[in-house]
Amino acid sequence: MEFETIIGLEVHAQLLTDTKIFCNCSTKFGGSPNSHTCPLCLGMPGVLPVLNKKVVEYAMKMSLATNSNINKSCSFARKNYFYPDLPKGYQISQYAYPLSEHGYILLDVEGEQKKIGITRIHMEEDAGKLVHDEHNPSSYVDLNRAGVPLIEIVSEPDMRSPAEAADYLKRLHEILVYLEICDGNMEEGSFRCDANVSIRPLGQKEFGTRTELKNMNSFRNVQRALEYEVKRQQYLVENGGTVVQETRLWDDAQGVTNSMRSKEEAHDYRYFPDPDLVPVIVDDAWIEKIRKELPELPLARRQRFVSDYQIPAYDASVLTADKALADYFEEVVKLCSKPKAASNWVMGDVLRFLNEEKRDIRNCPITAQALAEMISLIEDGTISGKMAKDIIDEMYKTGKSPRVIIAEKGMVQITDESALAKTIQTIMDANPNQLKDYRSGKEKLFGFFVGQVMKATQGKANPQKVNELLKKMLVG
Amino acid sequence: MKISSSEVEYVAHLARLEISEQEKEKFTFQLNDILLYIGKLNELNTQGVEPMSHAIAVTNAFREDRVADSIGTEKSLANAPDARGEFFRVPKVID
């Protein structure tokens with residue numbers, strides 16, 4: 001039987017505000033346990049939450065960037081459940097009246113643009129963190145994270161494969177980082193994803209029973225977990241079993257999903273309006289003010305790179321996937337006016353260096369100025385492309401500018417024809433047999449002579465000039 | 001009856017309360033009385049009346065995003081029934 005996969009994603013993104021959503025405690029990551037707490041985020045009796053205005057504005061930015069409709073009025077609700085990371089016994093979230101609804105983002109699926117619907121975006125508070133004791137029946141609670149602002153972005157069940165889901169996630173991540181409202185760090189948990197997945201026989205209208213997947217802390221794991229889960233459900237259905245609606249945890253080490261048994265019973269969160277918080281009214285003037293603050297978004301930037309710089313769409317998507325990388329590339333182009341060369345060097349050598357050391361472009365020892373200078377030196381013939389390969393290695397290792405490296409190593413390219421002709425003559429004299437063979441038709445030996453010239457000049461000879469001269473001189 | 005004893009049991013479980021059979025019966029009657037009393041409101045015609053969640057018509061009460069001092073770990077843990085080092089300590093919970 002052929003199956004169709006149906007995936008919807010729920011993303012939680014921590015907002016980059018300085019303070020928590022309802023109190024003035026710092027949101028900084030890594031403070032000593034329980035140091036960023038106050039009576040409000042500890043859930044003491046008698047306290048009153050007051051909404052951080054920046055949280056609303058950041059959530060509005062994401063709403064606009066995902067083509068969502070911002071509701072004129074929204075409000076907060078209490079989601080009741082008991083877990084020790086939640087000091088009040090309820091999480092303040094939005095339920096019946098979220099900030100925005102009915103958005104979408106565009107994905108490239110096999111060369112076509114596909115719309116993935118966004119059901120809603122709402123604001124809520126994060127919970128604290130639990131550390132479990134391995135030897136004793138105790139857990140330790142750190143409430144620094146309790147009350148850190150989150151937005152939850154809920155997608156429509158519009159994705160049809162794990163790869164599509166991973167792509168959607170990357171695009172969403174990209175937008176959040178471009179907007180500078182979330183640092184996007186998946187390992188530290190500032191960008192988290194849960195997935196709902198089901199399968200149905202191809203052609204069937206009704207959705208199958210879905211499972212919810214949790215605990216996937218990288219793009220790769222989201223895709224792996226979904227791939228595993230789809231296979232598991234197919235196997236079940238094909239062998240006469242049924243899929244049970246449940247939450248399953250991804251086990252990275254084993255590469256499987258496991259049922260979260262303790263949560264089998266249906267959730268009953270008994271949502272009700274939070275009487276401590278007043279409704280948020282967003283008027284058109286406010287929306288327009290926020291819209292004006294939006295930066296150029298990844299999709300627009302990608303299209304501009306292709307049209308303005310004439311680089312391939314693939315290159316544009318690699319370069320714009322990281323805002324800092326795109327900024328770096330544009331700086332290089334501005335300084336050397338050679339977009340294609342800039343793209344090749346950034347996508348090739350610079351990214352290779354960074355990937356090898358898992359370094360961020362912001363900490364790249366090769367500054368945009370230095371790279372632009374090197375590209376200009378190739379363009380004006382001071383150095384060859386081959387020399388540039390060695391120079392860029394040195395630039396990465398030492399952080400020195402190309403001119404300094406060239407001066408230190410005496411690496412200026414030899415373009416002087418008479419000097420090169422002299423070298424070639426010496427080589428011809430020293431290799432009479434090869435010369436004879438070449439002249440009698442063994443043209444492959446041309447490469448041998450090029451190699452000899454490069455060796456004799458320690459790679460400094462201008463390759464085009466060497467080719468030209470050799471073609472003339474070898475014929476005799 | 002506005003509420004059954006099994007509903008009382010369910011609500012008690014959601015609230016993580018252990019109640020005896022006697023209490024269950026008692027609470028069922030008490031909650032029933034409360035619900036009957038509140039039910040009087042249903043006699044009003046509310047057609048065309050917007051739902052409200054607040055008694056006063058205040059909106060957009062905001063705070064600026066400026067950090068103020070937290071109270072510190074020591075004070076935070078001062079009321080805790082159990083603590084260890086800089087953490088609150090609770091019975092182990094893994095889901």
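To find a chain, count down the sequence lines: A is the first, B the second, and so on, and within it residues start at 1. Basis for what follows: all heavy atoms, side chains included, without hydrogens, waters or symmetry-related copies.
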Contact winner vs chain A - B:Ile71, B:Asn60, B:Leu77, B:Val11, heavy-atom pairs under 4.5 Å: B:Asn60

For A:Leu40, is it the side chain, the backbone, both or neither that has a heavy atom under 4.5 Å from a heavy atom of chain B? neither

Can you check side-chain hydrogen bond (donor to acceptor under 3.5 Å, both in side chains) on A:Thr19 and A:Asn52, steps first, answer last? CA-CA 8 Å; A:Thr19 64; A:Asn52 183 342; 3.0 Å; yes

Between A:Tyr97 and A:Asn71, is there a side-chain donor-acceptor contact under 3.5 Å, judged purely by atom types and distance? no

Looking only at heavy atoms and a cut-off of under 4.5 Å, which of A:Gly89, A:Cys23, A:Pro275 has the most pairs with chain B? A:Cys23

Using only heavy-atom distances, determine whether the side chains of B:Glu23 and B:Ser20 contain a donor-acceptor pair under 3.5 Å. yes

Given a strict heavy-atom distance threshold of 4.5 Å, which part of A:Val55 is in contact with chain B: side chain, backbone, both, or neither? neither

Turns out that what part of B:Arg66 lies under 4.5 Å from chain A's heavy atoms comes down to backbone

Checking B:Thr73 against A:Asn34: is there a side-chain donor and acceptor pair closer than 3.5 Å? no

For B:Asp82, is it the side chain, the backbone, both or neither that has a heavy atom under 4.5 Å from a heavy atom of chain A? neither

Which one of A:Ile21, A:Leu130, A:Val131 has the most heavy-atom pairs closer than 4.5 Å to chain B? A:Ile21

Against chain B, label A:Lys28 side chain, backbone, both or neither, depending on which of its atoms sit under 4.5 Å from a heavy atom there. neither

Taking the six-membered ring for Trp, is the centroid-to-centroid distance between A:Tyr90 and A:Tyr271 below 6.0 Å? no

I'd like to verify something: which residue of A:Pro273, A:Gly31, A:Pro84 has the highest number of heavy-atom pairs under 4.5 Å with chain B? A:Pro84

Could you verify whether a donor N or O on one side chain and an acceptor N or O on the other, from A:Asn258 and A:Arg248, lie under 3.5 Å apart? no

